[in-house]
Amino acid sequence: MSKSGALDLASGLGGKINKEEVKSAVDEYEKYHGYYGGKEEARKSNYTDMVNKYYDLATSFYEYGWGESFHFAHRWNGESLRESIKRHEHFLALQLGLKPGMKVLDVGCGIGGPLREIARFSSTSVTGLNNNEYQITRGKELNRLAGVSGTCDFVKADFMKMPFDDNTFDSVYAIEATCHAPDPVGCYKEIYRVLKPGQCFAVYEWCITDHYDPNNATHKRIKDEIELGNGLPDIRSTRQCLQAVKDAGFEVVWDKDLAEDSPLPWYLPLDPSRFSVSSFRLTSVGRMITHTMVKALEYIGLAPQGSERVSNFLEKAAEGLVEGGKKEIFTPMYFFLARKPLSE
């Protein structure tokens with residue numbers, strides 16, 4: 001069961017970072033980003049430090065607001081956010097053709113919400129690859145509570161340098177995770193290497209769309225806000241991601257921005273014009289209450305110094321995501337299914 005109370009949120013803030021060092025970690029993290037004058041080259045060359053700091057600082061907020069699965073979803077009318085998230089995960093399993101007994105890799109698995117759901121849905125064994133110690137610790141505890149420790153496990157490693165033999169896995173997927181890679185071709189090549197010949201890789205990528213104009217100051221600000229609030233070295237275009245997976249050696253079976261025909265906008269949970277009881281914590285009112293609570297907890301010493309600033313940059317991300325979604329310049333669900341050829 002995911003952590004849900006205010007004290008759970010406070011106790012998790014900072015992850016594995018020493019509580020006295022959270023404020024300095026926030027300082028260092030913010031300096032990486034364009035919103036504060038940081039450079040893309042620095043984010044890419046220091047991506048391990050940047051992404052680890054981000055997830056140490058943000059995971060407690062994610063779990064408090066989203067639950068165990070930290071991703072958006074294509075959503076039908078009348079469908080709850082939780083239902084849409086599960087269906088989004090089941091869709092991946094079905095596209096990959098997962099069958100009982102298969103050995104599957106989740107690249108950038110968070111605290112393991114999707115891998116537990118997919119393992120139970122498909123009767124497969126799923127390994128979660130993650131380079132953040134705090135998230136792995138949480139994931140192992142949640143596996144134990146869910147009773148899936150026998151079929152689901154975690155490996156701490158960088159997805160640019162995976163500690164697996166060639167041709168190890170029957171299927172590989174990534175959900176809004178490989179966007180953290182400094183080099184998409186290098187990341188996809190590692191996935192290609194560990195995947196068995198003839199088998200498939202499926203992914204939901206965070207991308208800018210063809211509507212994005214790099215010379216438009218508003219578009220650039222939105223992109224900077226999303227990068228800051230989500231630990232991204234850069235946001236690549238759908239065209240760049242598609243070319244990268246081809247350059248890595250894959251054959252693309254099909255691709256589509258699933259946000260284009262979603263009956264309900266993917267950003268609806270964060271939209272300030274919308275209110276929901278079932279996902280109240282994600283609404284603008286819910287986020288304001290969380291921010292106020294975190295500020296108070298920091299003031300009385302139950303949350304580490306710097307916690308309010310984490311809440312601030314996550315709120316900035318929410319604003320950027322909603323604006324980017326409304327302007328159709330950003331998508332969190334550019335999907336492609338790619339196959340590793342039987343012979344190279």
Side-chain angles (χ1 to χ4, degrees), residues 33-35 38-41 43-44 47 71-76 84 88 91-92 95 107-108 173-189 191-192 200-271 273-274 316-339:
H33 289 280
Y35 192 82
K39 302 297 182 183
E40 179 183 329
E41 294 76 15
R43 294 194 296 277
K44 288 183 175 179
Y47 75 96
H71 63 81
F72 293 98
H74 177 283
R75 189 171 172 188
W76 294 102
S84 70
H88 207 57
F91 178 83
L92 273 185
Q95 287 297 312
V107 177
Y173 68 84
I175 302 177
E176 302 181 21
T178 46
C179 51
H180 292 293
D183 168 26
V185 176
C187 180
Y188 294 156
K189 279 185 175 180
I191 291 169
Y192 183 97
C200 288
F201 164 50
V203 64
Y204 294 124
E205 280 286 7
W206 279 34
C207 293
I208 53 174
T209 71
D210 290 342
H211 297 290
Y212 177 80
D213 178 1
N215 297 312
N216 183 306
T218 299
H219 290 192
K220 180 67 169 61
R221 172 185 56 77
I222 292 169
K223 181 173 179 284
D224 285 346
E225 288 175 350
I226 296 172
E227 289 169 352
L228 166 68
N230 294 280
L232 305 178
D234 186 27
I235 306 176
R236 293 172 279 271
S237 70
T238 55
R239 294 172 188 267
Q240 286 175 312
C241 285
L242 188 63
Q243 188 59 51
V245 78
K246 291 176 181 178
D247 291 345
F250 283 100
E251 299 170 347
V252 177
V253 179
W254 72 281
D255 72 291
K256 181 177 176 61
D257 178 5
L258 299 183
E260 291 177 351
D261 60 2
S262 181
L264 293 177
W266 59 265
Y267 54 82
L268 198 63
L270 303 175
D271 191 339
S273 67
R274 175 255 187 196
K316 187 60 65 178
E319 293 170 1
L321 288 165
V322 171
E323 197 173 357
K326 288 184 174 180
K327 292 183 180 296
E328 299 182 346
I329 63 172
F330 170 81
T331 176
M333 56 188 73
Y334 175 55
F335 172 84
F336 58 76
L337 180 68
R339 179 178 292 111

If you measure from CZ on F336 to CG on D257, what distance do you get to the nearest 0.5 Å? 12.5 Å
Qualifying residues under side chain to side chain donor-acceptor pair (under 3.5 Å), relative to E205, sequence neighbours excluded: T178, Y188
Rounded to the nearest 0.5 angstrom, the CD1-CD1 distance for I208 and I222 is 11.5 Å
I need the Q243 CD to R236 CZ distance, nearest 0.5 Å. 14.0 Å
Contact check, side chains of V107 and F201, non-hydrogen atoms, under 4.5 Å: no
Nearest atoms (heavy-atom pairs only) where P263 meets W76: CG-CE3, 3.2 Å
Steps toward side chain to side chain contact (heavy atoms under 4.5 Å, CB included) verdict (W206, N230): CA-CA 10 Å; W206 279 34; N230 294 280; 3.2 Å; yes
Identify, with sequence neighbours excluded, every residue that meets side chain to side chain donor-acceptor pair (under 3.5 Å) alongside E40. K44
Heavy-atom closest contact (H33 atom, R43 atom, distance): ND1-CD, 3.5 Å
On a heavy-atom basis, the closest approach of L242 and V245 is O-CG1, 3.2 Å
Kindly indicate whether the side chain of R339, heavy atoms from C-beta on, has any atom under 4.5 Å from the side chain of C200. yes
Quick check for you: to the nearest 0.5 Å, what is the distance between L321 atom CG and T331 atom OG1? 11.0 Å
Would you say that P184 contacts Q240 through its side chain, given a criterion of any heavy-atom pair below 4.5 Å between the two side chains? no
Applying ring pair (Phe, Tyr, Trp, His ring centres under 6.0 Å), can you list everything that pairs with H180, at least two apart in sequence or on another chain? Y55
If we check side-chain hydrogen bond (donor to acceptor under 3.5 Å, both in side chains) with K223, which of these qualifies: N216, T218, D234? D234
Is there a donor-acceptor contact under 3.5 Å from the side chain of S84 to the main chain of A73? no
NZ/K256: more than 12 non-hydrogen atoms of other groups inside 6.0 Å: yes
Test of ring centre spacing under 6.0 Å for Y192 and F250: yes
Measure the shortest side-chain to side-chain distance between H74 and D261 over non-hydrogen atoms and say whether it is less than 4.5 angstrom. yes
Distance from D213 atom CG to K327 atom NZ, nearest 0.5 Å? 11.5 Å
Looking at every heavy atom in both D247 and K189, which two are closest together, and how far apart are they? O-CE, 4.0 Å
Write down the atom of C207, the atom of T238, and the distance for their closest heavy-atom approach. CB-CG2, 3.6 Å
In this structure, which one of W266, Y334, F91 forms a side-chain contact (heavy atoms from CB on, under 4.5 Å) with L258? F91
Rounded to the nearest 0.5 angstrom, the CD-CG distance for Q95 and L337 is 6.0 Å
Between L270 and F72, is there a side-chain heavy-atom distance shorter than 4.5 Å? yes
Of all heavy-atom pairs between L92 and I175, which one has the smallest distance, and what is that distance? CD1-CG1, 3.4 Å
What I'd like to find out is whether the side chain of L228 reaches to under 4.5 Å of the side chain of E225, using heavy atoms alone. no
Are any of the side-chain heavy atoms of H88 and Y204 separated by less than 4.5 Å? yes
Quick one: does D210's side chain get under 4.5 Å of R239's, heavy atoms only? yes
